> 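I have a structure here, written as structure tokens, and I will follow up with some questions on it.
The shown structure was predicted, so the numbers you read here are calculated from the model rather than taken from an experiment.
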Amino acid sequence: MKHAVLALAAALLSCSPADSNSTKTPATAPPAPQAPAETPGRATDYKWLPAGRYNPRQTVAARFAPPRGYQRVPVTTGSFGHWLRHLPLLPMGTRVQLYNGQPKDRQDVHAAVLDLDVGTRDLQQCADAVIRLRAEYQFSQQPDQVHFHLTSGDDIRFQDWYSGTGFKVAGNAVQPTPRPAEAPTHAVFRRYLDQIFTYAGTLSLSKELRPMPLAQVQPGNVLIRGGSPGHAVLVLDVAVQPGSGRRLALLAQSYMPAQQMHVLTNVWDDTSLGAWFLLDPAATLVSTPEWTFRREELGRFE
């Protein structure tokens, strides 16, 4: 368990198990025209990877084509959605591991595992994994824009942190405290994130987001329920069916205990959608293999 000392923090940080409800989806439509080719991802956009490791043939976009009759929604090169679409994946068949190297109990809920470290502490759980990817994207663009709120509401900026202003928690209060100034390297950034993970969770992340209609879901949106129990699932990609406007999404999560972030698979075998999920705005619930959200629990980063 995380060792946060803010009041109620341990409860708010958890991603507690919940039942999910399956939903049937209509048959897919005839093939749609192919969308124009987009700019591929760049190895330099994924700062945690060792040099030479990025393989454009092993990414979300390369591995998961939209189902028949759908095409990916357009995204702007350099946007969060574009960055997510080209995230690197580990080889097919990779099992999800926990932070301690043990396998996740359930190995039937994922279609792929992201090539992203989980750390060696029980920190990078559900909301933290979403924070991690959003922060990694911002770090790749401009490190000084990275900042996240703690469960207490305090806004902790990476620029302040590496420049020599850390924080400490005393009871329910978060107080600035001096720390050694460092260059904004990725290693320093990861230490900053571990501090954020310790004192943030689904409740704080939900307050970072703005409501988004399910009918307009976009890559980079987050399905989230803040609190305890709570959970967060990131929308990696979206495909649309021309004519009907129906939208499918690729979803990714971490869980509790901290584990490798993984692309979810649609476990209801009557859908023929593989790893894609129909996000039906007329339905009251959005079912994922380990959590069921309400349709209004979709948010977007500013």
> D45: what forms a side-chain hydrogen bond (donor to acceptor under 3.5 Å, both in side chains) with it, not counting sequence neighbours?
R42
> CG of D105: more than 12 outside heavy atoms within 6.0 angstrom?
no
> Salt bridge (charged side-chain N to carboxylate O under 4.0 Å, His left out), that's the test. Do E302 and R300 meet it? Break it down for me.
CA-CA 6 Å; E302 293 277 49; R300 61 176 177 83; 3.4 Å; yes
> Before giving the answer on salt bridge (charged side-chain N to carboxylate O under 4.0 Å, His left out), spell out for R191 and E182 the whole-Å C-alpha distance, their side-chain angles and the decisive distance to 0.1 Å.
CA-CA 11 Å; R191 293 202 301 273; E182 302 176 88; 2.3 Å; yes
> Under 4.5 Å between side-chain heavy atoms, chaining through other members, with only Ile, Leu, Val, Met, Phe, Trp and Tyr counted: pull out the rest of the cluster around M92, sorted by chain and number.
none
> Should V75 and W83 be regarded as members of a common hydrophobic cluster, given that ILVMFWY residues are connected when their side-chain heavy atoms come within less than 4.5 Å of each other, either directly or indirectly?
no
> Find out if a path of hydrophobic residues (ILVMFWY) with successive side-chain heavy-atom gaps under 4.5 Å connects I131 to Y46.
yes
> Could you list all the ring-ring contact (aromatic ring centres under 6.0 Å, His included) pairs where at least one residue sits in residues 167-187, not counting sequence neighbours?
F139-H186, F167-Y199, H186-F189
> Taking ILVMFWY side chains as joined if any heavy atoms are under 4.5 angstrom apart, and letting links pass through other members, which residues group with V113?
L90, V96
> When you check the side-chain N and O atoms of D160 and Y192, is any donor under 3.5 Å from an acceptor?
no
> Does the ring of Y70 carry R246 above it, NZ/CZ under 6.0 angstrom from centre and within 45° of its axis?
no
> Output all residues satisfying side-chain contact (heavy atoms from CB on, under 4.5 Å) with P74, sequence neighbours left out; order by chain, then residue number.
none
> Is it true that L133 and Y137 fall in one hydrophobic cluster, defined by side-chain heavy atoms closer than 4.5 Å?
yes
> Verify whether one side chain among Q253 and H231 offers a donor that lies under 3.5 Å from an acceptor in the other.
yes
> Kindly write out the residues that satisfy side-chain hydrogen bond (donor to acceptor under 3.5 Å, both in side chains) with R85, not counting sequence neighbours, or none if the list is empty.
E38, D237
